> 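Please see the structure below; I have some questions.
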Amino acid sequence: MDPDRLLLLVRQEDETLAYWKTLQYSMPWQELKAVRNNRVYLIPSDPWVEYSACAHDRIIDESLKLFSEDCPK
């Protein structure tokens with residue numbers, strides 16, 4: 001899989017952060033289309049992992065902000 005964009009939620013604890021740092025410098029990671037095109041988005045847990053109508057509205061708003069960067073209004 002070679003996605004155009006990636007949304008990543010990186011848990012903020014030592015083991016995960018260390019792995020994330022290592023991953024960023026790996027060749028397979030660097031060769032991903034999304035990485036080459038600077039389309040990797042680190043997202044916060046709120047609202048992305050909350051399951052509620054309000055959170056879903058905020059996810060839609062955040063998605064529009066992230067994905068409309070190439071097509072300004």
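Note: hydrogens, waters and symmetry copies are ignored here, and every other heavy atom, side chains too, is used. Keep in mind it's a predicted model, so treat the numbers as computed, not measured.
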> Would you sort out whether E62 and W48 count as a side chain to side chain contact (heavy atoms under 4.5 Å, CB included), showing the intermediate values?
CA-CA 9 Å; E62 290 300 314; W48 297 90; 3.7 Å; yes
> Backbone N or O of V10 within a donor-acceptor pair of the Q12 side chain at under 3.5 Å?
yes
> Side-chain contact, heavy-atom cut-off 4.5 Å: L8 with Y41?
no
> Do H56 and I59 have side chains that approach each other closer than 4.5 Å (heavy atoms only, starting at C-beta)?
yes
> Report yes or no: do F67 and I43 belong to one cluster of Ile/Leu/Val/Met/Phe/Trp/Tyr joined by side chain heavy-atom distances under 4.5 Å?
yes
> Give a yes or no on whether the backbone of S52 and the side-chain of E50 come within a donor-acceptor separation of less than 3.5 Å.
no
> With a cutoff of under 4.5 Å between side-chain heavy atoms, which Ile, Leu, Val, Met, Phe, Trp and Tyr residues group with M1?
none
> Please table the atom pairs, donor to acceptor, closer than 3.5 Å between any side-chain atom in residues 23-35 and protein atoms at least two apart or in another chain.
residue	atom	partner	partner atom	Å
Q24	NE2	W20	O	3.4
S26	OG	L23	O	2.8
S26	OG	W29	N	3.4
Q30	NE2	Q24	O	2.3
K33	NZ	D4	OD1	3.1

> Hey, could you give me the CG/CG distance between L42 and L7, rounded to the nearest 0.5 Å?
9.5 Å
> Using side-chain heavy atoms (C-beta onward) and a distance below 4.5 Å, is P44 in contact with L9?
no
> Just checking R11: does its CZ atom have more than 12 heavy atoms from other residues, nucleotides or ligands closer to it than 6.0 angstrom?
no
> Mind checking whether I60 and V49 sit in one hydrophobic cluster, side chains of I, L, V, M, F, W, Y counted as touching below 4.5 Å?
no
> Are there over 12 heavy-atom neighbours, none belonging to D46, within less than 6.0 Å of that residue's CG?
yes
> Does CG belonging to N38 count more than 12 external heavy atoms closer than 6.0 Å?
no
